[in-house]
Protein chains: 2
Amino acid sequence: MSDVAAAAGVSKATAARALGDYGAVSDAVRDRVLGAADRLGYRPNALAKTMSTGRSNTLGIVVGDIENPFFAQATRGAADVAAAAGFDLILSNSDEDLETEAKAIGVQLAKRVDGLLVAAASSVETQNLRTVIDAGRPLVLFDRTAQGVEADSVIAANRSGARELTSLLVDAGHRQIAFISTTTHPADAFARTDVLPTSSVAERVEGFLDAMTAGGIEHPERHVHLNARREGVERMATRLLTGADPVTAIVASDSLIALGVFRAARELGLQIPRDLSLVAFDDADWTGVATPGITVMAQPIHEIGAEAAELLIRRVRGDGRPPVTRVLKQHLIERESVAPPSR
Amino acid sequence: MSDVAAAAGVSKATAARALGDYGAVSDAVRDRVLGAADRLGYRPNALAKTMSTGRSNTLGIVVGDIENPFFAQATRGAADVAAAAGFDLILSNSDEDLETEAKAIGVQLAKRVDGLLVAAASSVETQNLRTVIDAGRPLVLFDRTAQGVEADSVIAANRSGARELTSLLVDAGHRQIAFISTTTHPADAFARTDVLPTSSVAERVEGFLDAMTAGGIEHPERHVHLNARREGVERMATRLLTGADPVTAIVASDSLIALGVFRAARELGLQIPRDLSLVAFDDADWTGVATPGITVMAQPIHEIGAEAAELLIRRVRGDGRPPVTRVLKQHLIERESVAPPSR
DNA sequence: GTGAAAGCGCTAACAT
DNA sequence: ATGTTAGCGCTTTCAC
C-alpha cells in the first residue's frame with residue numbers, strides 16, 4: 001500500500017482511504033490511487049486490516065463431518081447467508097470428537113473469527129463451547145443445544161418428529177421396534193436421555209419413548225440401541241433382525257443409518273416393508289429412489305444453517321438480547337416403507 | 001502476550017520464544033511464562049503471527065458447491081491431509097460461476113492463504129487462476145485442468161472411463177445413446193471439446209465420442225446434450241425419452257444428473273433397464289440402493305482431494321519442480337441398469 | 001539465555 | 001481533503 005501511495009504521490013492514509021472506500025477523498029486523488037493500485041497489482045491484506053480493526057469478517061463453522069449430507073447442506077445454508085453479508089467461512093470437521101473439536105475451535109479463535117457456528121460434539125461436556133464464550137466471541141449452536149451454555153441455538157423439532165415417525169410403526173401394529181443411533185453412550189442401550197452426548201438424538205429418543213409408551217409397550221428403553229458406530233450399523237441391524245426376538249420395525253436416527261439398515265435387510269433377503277418396516281430422519285436422495293421409497297421425517301436443513309448464520313451475524317453486529325433457541329419444524333414424507341408386521 | 005511477559009517478569013521476546021516454542025529459553029523461564037499464560041487465559045493471535053512470518057498455515061479451497069457429494073468428499077480428503085500437516089482450510093463455493101469464483105479467490109488471497117486448491121469454474125477462461133499465480137501463491141487444480149495454466153492438477157481418467165461406460169451401452173446394441181451434462185456451452189449440443197468450460201466433462205465427451213465412433217455410430221456429436229441445468233435435467237431427459245426418435249440409453253455425466261434421469265424415467269413409467277439403460281459417473285449412495293442398481297464409473301474422490309492437498313503442501317514448502325498432472329484411475333461398478341434395447 | 005527495537009500492512013485519531 | 005503518527009500482536013535480527 002505504501003508503494004501505491006508513493007506512486008500516486010499521496011500519503012499512506014489517503015491511499016488507504018481511497019482503497020478502503022472510507023473517509024473523504026477527492027475524486028482526482030481517488031482516481032490516481034486506484035490507477036496506481038491497478039498498475040502495481042496491489043492486493044489488500046485482510047489480515048492487517050483485521051489487526052487494526054479487530055474484525056475479520058470471517059465466521060467459523062465446526063461440523064461433525066462435511067461429507068455427511070446433513071452437514072454439507074447446513075454448511076451451504078450458512079455459507080450463503082454469510083457470503084450475502086460479506087463474511088466468509090472457515091470450515092473444520094470435529095469427527096464428533098471432543099479433542100478434535102477443541103483443536104478446531106482453538107484454531108478458529110486464533111484466526112480471530114468474528115463468531116462461531118458449531119454443531120457441538122457433546123451437548124453435555126461443554127468445555128469447548130465455554131472456551132468460545134470466554135474468548136468473547138459470539139457462538140451459535142446448530143442441530144444441537146448444549147446444557148447451560150449461554151448461546152443461541154437453531155434446532156429442529158426432533159421430539160415431536162420422532163414421536164410421529166414412531167407412531168406410524170406402533171399404529172401399524174409393531175411391537176418389536178428398534179431405534180438405532182450412532183451416538184455413543186456409556187451403556188449399550190438407553191439409560192437416561194440427559195446424558196446422551198447429542199441433544200438432537202436425545203430428543204429423538206424421547207419422542208420414540210413417548211410413542212412407544214403411548215402404544216402401551218413396556219420398557220421402551222430396551223428398544224433403544226446406541227453406539228452403532230462401534231459395532232457397525234449393518235452389523236447391528238443384522239443382529240437385531242436375526243436375533244431371538246427379531247425386530248419388525250426400525251427407526252433410524254439419520255439417513256446414513258437408514259442406509260446401513262437398508263443394505264443389511266437386502267443382504268438378509270428381507271423385503272421392506274413386508275418383513276421390515278423402516279423410517280428415518282432426513283430426506284436424503286436415496287430414500288426417494290430406493291425401492292420401496294423410505295418414509296422419512298424431513299428437516300429444513302438449509303434453513304438450520306442459514307438461520308444459525310443469521311443469528312450469528314446479528315450477534316457479531318452487537319445484538320445483546322438474551323440467547324434464543326429457534327426450533328424449526330420437521331415434516332413427514334410418507335412413502336412405502338411401512339406396513340403391518342408379518343409375524 | 002505482553003501481559004504474559006510482564007506477569008512472568010520477562011521481555012516480550014522471551015515470552016514469545018517460550019510460547020512459540022522456538023529459540024532458546026531456560027526451563028525455569030519457560031515454566032513461568034507458560035504458567036502466566038495459562039493464568040491469564042492467553043490466546044495466541046494467528047493473524048499477528050502471519051503478519052510477521054508471512055505464513056498463515058491455511059489453505060484455501062474453492063469448490064463448485066459443497067452440497068454436491070463429489071465436492072464434499074474431495075473437500076474432506078483435502079481437509080484431512082491439511083489437518084495432518086497442521087493447515088486449516090477456508091472454504092468457498094463458486095457455484096461454477098466465474099465472477100463468484102473471482103470473488104472467492106480474491107478473499108482467500110487477501111486472507112493470505114499459503115496456497116489454493118481449486119476446481120476451476122472454467123478450464124478455458126483462466127484469468128482467475130492466473131490471479132493466484134500472479135499473487136505468487138501455489139495453486140493446485142483438482143477434478144479439472146486448465147489450458148495453459150502453470151499449476152499442478154489432480155484429475156481422474158475421465159476419457160477412458162467414459163469410453164468404457166459408453167461401450168457397455170454400444171455393445172449391448174444401443175444406437176440412440178444420449179450423453180447428458182449440466183456444463184454450459186454456447187451451442188446446445190456439442191461442437192468442439194476444447195471450448196467446453198469443464199475439462200473433466202470435455203474428456204468424458206471425448207471418451208463418449210470415441211466409443212460411439214468405434215461402435216460405428218455416425219455423427220456421434222449429435223448425441224451430446226449440454227446445458228442441462230438451464231433446461232432442467234428431468235425436463236431434458238423427458239424430452240429425449242419421448243421425442244420422435246427416443247433414446248434407449250443415457251450416459252449421465254455425474255450422479256446428480258443420473259438422479260434426475262432416474263426420476264424422469266420413473267415419472268414416465270419407463271422401466272430401467274428394459275426401456276432405458278442408464279450409466280453414470282460416481283458411485284453415489286443411491287446408485288447402489290435404487291432398483292435396479294445403477295452401473296457407474298466410480299472415481300477415487302477422496303484421493304483426488306487428498307492428493308491435491310498433498311501436492312499443494314509440497315509446493316507451499318518450497319518444491320519448485322515443474323507442474324505435474326496426476327491422473328487417478330476410475331473403476332467400473334457393474335450393476336443392473338444396462339440391457340439390450342427393447343426397440 | 002535474554003532483551004531492545006524494528007517491522008509486517010493496515011486503520012484511526014488527531015492535526016493541519 | 002490530506003498528512004502524521006501510533007498501534008494492532010507477533011517474530012526476528014542484533015546486542016549483550
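Chain naming here is simple, since letters A, B, ... match the order of the sequence lines and numbering starts at 1 in each.
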For [X] and [N], what is the distance between atoms [atom1] and [atom2] respectively, to the nearest whole Å?
X	N	atom1	atom2	answer
B:L47	D:dT11	CG	C1'	15 Å
B:N45	D:dG7	CG	C1'	14 Å
B:K12	D:dC8	NZ	C1'	10 Å
A:M1	D:dT5	CE	P	16 Å
A:D3	C:dC8	CG	P	11 Å
A:R55	D:dC8	CZ	C1'	16 Å
A:D21	C:dA12	CG	C1'	17 Å
A:R32	D:dG3	CZ	C1'	14 Å

Exercise for the section: Determine yes or no for a side-chain-to-main-chain donor-acceptor pair under 3.5 angstrom, with B:S123 supplying the side chain and B:S199 the backbone. Expected result: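 Such a contact is found between B:S123 side chain and B:S199 backbone.
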Practice task
Please answer whether the main-chain N or O of B:Q127 pairs with a side-chain N or O of B:T131 as donor and acceptor at a distance below 3.5 Å.
Solution key: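 Yes, the answer is positive, given that a donor and an acceptor are paired below the 3.5 Å cut-off.
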Practice task
Let me know, please, whether B:R112 or B:S26 comes out on the 5' side of the other along DNA chain C by nearest nucleotide.
Solution key: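 The residue closer to the strand's 5' end, by nearest nucleotide, is B:S26.
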Practice task
Report the residue (B:T53 or A:A16) whose heavy-atom-nearest nucleotide on DNA chain C is the more 5′ of the two.
Solution key: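 So the residue in question is B:T53.
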Practice task
Please state whether the phosphate of C:dC10, meaning OP1 or OP2, lies under 4.0 angstrom from any side-chain nitrogen or oxygen of A:S52.
Solution key: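 So the side chain of A:S52 is outside the cut-off, no N or O lying under 4.0 Å from OP1 or OP2 of C:dC10.
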Practice task
Look at the side-chain N and O atoms of B:Y22 and state whether any lies under 4.0 Å from the OP1 or OP2 oxygen of D:dT13.
Solution key: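 So the side chain of B:Y22 is outside the cut-off, no N or O lying under 4.0 Å from OP1 or OP2 of D:dT13.
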Handout entry: Under 3.5 Å side-chain donor-acceptor pair for A:D114 and A:S56
Key =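 Yes - a donor-acceptor pair under 3.5 Å links their side chains.
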Exercise for the section: Please determine, by modelled atom types, if A:T58 and A:K111 share a side-chain donor-acceptor pair under 3.5 angstrom. Expected result: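 There is no such pair (donor and acceptor under 3.5 Å, judged by atom type) between the side chains of A:T58 and A:K111.
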Problem - Toward the 5' end of DNA chain D, by each residue's nearest nucleotide, A:M51 or B:K49 - result: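 So the residue in question is A:M51.
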Exercise for the section: Salt-bridge test for A:R144 and A:E96: reply yes if a basic N is under 4.0 Å from a carboxylate O, no otherwise. Expected result: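 Salt bridge present between A:R144 and A:E96.
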Exercise for the section: Tell whether A:R17 reaches the base of D:dG3 with its side chain through a donor-acceptor pair below 3.5 angstrom. Expected result: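 Looking at the base of D:dG3, it does pair with a donor or acceptor on the side chain of A:R17 (distance under 3.5 Å).
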